[in-house]
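Taking it in order: structure first as structure tokens, then the write-up.
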Amino acid sequence: MPELPEVEVVRRGLERWIGGRTVADVEVLHPRAIRRHLAGAEDFAHRLKGRRMGAPMRRGKYLWLPLADSGTSVLAHLGMSGQLLVKSEQAPDEKHLRIRVRFTDQEGDNPGAAPGTELRFVDQRTFGGLSLHENTPDGLPDVIAHIARDPLDPLFDDEAFHQALRRSRSTIKRALLNQSLISGVGNIYADEALWRAQLHYERPTATFTRPRTAQLLGHVRDVMNAALAVGGTSFDSLYVNVNGESGYFERSLDAYGREDEPCRRCGTPMRRRPWMNRSSYFCPRCQRPPRLS
DNA sequence: CAAGGCTCCTGATAGC
DNA sequence: TGCTATCAGGAGCCTT
């Protein structure tokens, strides 16, 4: 399940292998993968053809490739199971290959790019996709203007986030997953940060003091940076790793997926609770539920 | 308008 | 063995 660290690993891989290359043609193999491109697959392919890819950007779990001299960007979201792979044109198609982008690799294109490779969007569960959008004056695809800056963005405003928590009548995990308050946090890193901060997922946001918010944000950043550090080992190959679930950071998880296993802090068996059509993992001793009002 | 619930999708796995 | 139920969950959209 790609969250901010996994998407950042992908962004770095794209920066190395795709940035600066010119699109030769695009093949859309599944309509759902471009459903956010309302004009359709043909339009998507047509508009990309002949365009040069700029440096890939990221905000939260979204990443985008600006198309040179067009004021537009290819926006990508990996959803649950999406992968952006740089593969040899000769490699056999993946079972869930949805979109293929080929490049011209002519003189003047990215010298670091590996010729003979193509970009593939592979997505088993089709929650993710690619689309093309106009950029806002900030260089952001217009459809993600509502996505907040992420906690690794130097311009993320800690104080504004704290004030938003104070104003809200929601609970902390909902707030962490609310991409218009803070982006890039998904179910896994939310549980990890809450475990580190020793906070129950249903603590009302209005009860947060400034130090408590600061501490939680610190843990969010720490766990994401730790994941990023480990994920950083795998992106110097032609494979742009997005496989966060089976990969490198799983063994470092302290909360997510650890039902009935001992809390790494106090030894109490960890619990799983159904929550918002998914699960929350927590330590019943370190992360006490808030008193009901 | 804010908050919370529903829904899209496929494959792995559990249970009968 | 083969069927069905359950679970995984990001985010747009809908309801309250």
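Since we're looking at a predicted model, the values are computed, not measured. Sequence lines set the chain letters: A, B, ... in the order given, protein chains first and strands last, and positions in each chain run from 1.
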>> Just the rounded figure in Å: distance from C1' of dG10(C) to CD1 of Ile147(A).
In response: 10 Å
>> Please determine whether a side-chain nitrogen or oxygen atom of Tyr62(A) lies at a distance below 4.0 Å from atom OP1 or OP2 of dG12(C).
In response: yes
>> In whole Å, I'd like the distance from the CZ atom of Arg272(A) to the P atom of dC7(C).
In response: 7 Å
>> When you compare the side chains of Thr136(A) and Asp142(A), does any donor N or O come within less than 3.5 Å of an acceptor on the partner?
In response: no
> If we ignore angles and hydrogens, is there a donor and acceptor under 3.5 Å between the side chains of Thr117(A) and Lys87(A)?
Replying inline: no
> Expressed in angstrom and rounded to an integer, what is the separation of Asp123(A) atom CG from dT10(B) atom P?
Replying inline: 10 Å
> Does any donor atom in the side chain of Arg125(A) or Ser81(A) lie under 3.5 Å from an acceptor atom in the other side chain?
Replying inline: no
> Which residues satisfy the ring pair (Phe, Tyr, Trp, His ring centres under 6.0 Å) test with His200(A), sequence neighbours excluded?
Replying inline: Phe282(A)
>> For a quick test of reading the model: is some side-chain N or O of Ser81(A) closer than 4.0 Å to OP1 or OP2 of dT10(B)?
In response: no
> Which whole-number value in Å describes the distance from Arg98(A) CZ to dC8(B) P?
Replying inline: 17 Å
> What integer distance in Å separates Met276(A):CE from dG9(C):P?
Replying inline: 11 Å
> Do other residues, nucleotides or ligands put more than 12 heavy atoms under 6.0 Å from Glu27(A) CD?
Replying inline: yes
>> Once you apply a heavy-atom cut-off of 4.0 Å, does His146(A) come out as touching a base, just sugar-phosphate, or nothing?
In response: sugar-phosphate
>> When you measure from the side-chain N and O atoms of Arg278(A) to the phosphate of dG10(C), is any distance below 4.0 Å, counting only OP1 and OP2?
In response: yes
> How close or far is atom P of dT7(B) from atom CZ of Phe127(A), stated in whole angstroms?
Replying inline: 12 Å
> How would you list all residue pairs meeting ring-ring contact (aromatic ring centres under 6.0 Å, His included) that involve residues 129-148 of chain A, not counting sequence neighbours?
Replying inline: none
> What is the distance from CG of Asp191(A) to P of dG10(C), rounded to the nearest Å?
Replying inline: 10 Å
Between the protein and nucleotides 11-14 of chain B, list the N/O to N/O atom pairs that are separated by less than 3.5 angstrom.
| from | atom 1 | to | atom 2 | distance (Å) |
| --- | --- | --- | --- | --- |
| dG11(B) | OP1 | Lys95(A) | NZ | 3.4 |
| dG11(B) | OP1 | His96(A) | NE2 | 3.2 |
| dG11(B) | O4' | Gln124(A) | OE1 | 3.1 |

Find every protein N or O atom lying less than 3.5 Å from an N or O atom of nucleotides 2-4 of chain B, and list the pairs.
| from | atom 1 | to | atom 2 | distance (Å) |
| --- | --- | --- | --- | --- |
| dA3(B) | OP1 | Ser168(A) | OG | 3.3 |
| dA3(B) | OP1 | Arg169(A) | N | 2.8 |
| dG4(B) | OP2 | Ser170(A) | OG | 3.0 |

>> Around atom CZ of Arg47(A), are there more than 12 heavy atoms from other residues, nucleotides or ligands closer than 6.0 Å?
In response: no
> For the pair made of NZ in Lys61(A) and P in dG9(C), what is the distance, rounded to whole Å?
Replying inline: 11 Å
>> Can you pull out every salt bridge (Lys or Arg N to Asp or Glu O under 4.0 Å) where at least one residue sits in residues 265-290 of chain A? Sequence neighbours excluded, please.
In response: Glu259(A)-Arg272(A)
> Where the side chain of Asn277(A) is concerned, which of dA8(C), dC9(B), dT7(B) is the nearest nucleotide?
Replying inline: dT7(B)
> Which residue pairs pass the salt bridge (Lys or Arg N to Asp or Glu O under 4.0 Å) test with at least one member in residues 198-214 of chain A, sequence neighbours excluded?
Replying inline: Glu159(A)-Arg210(A)
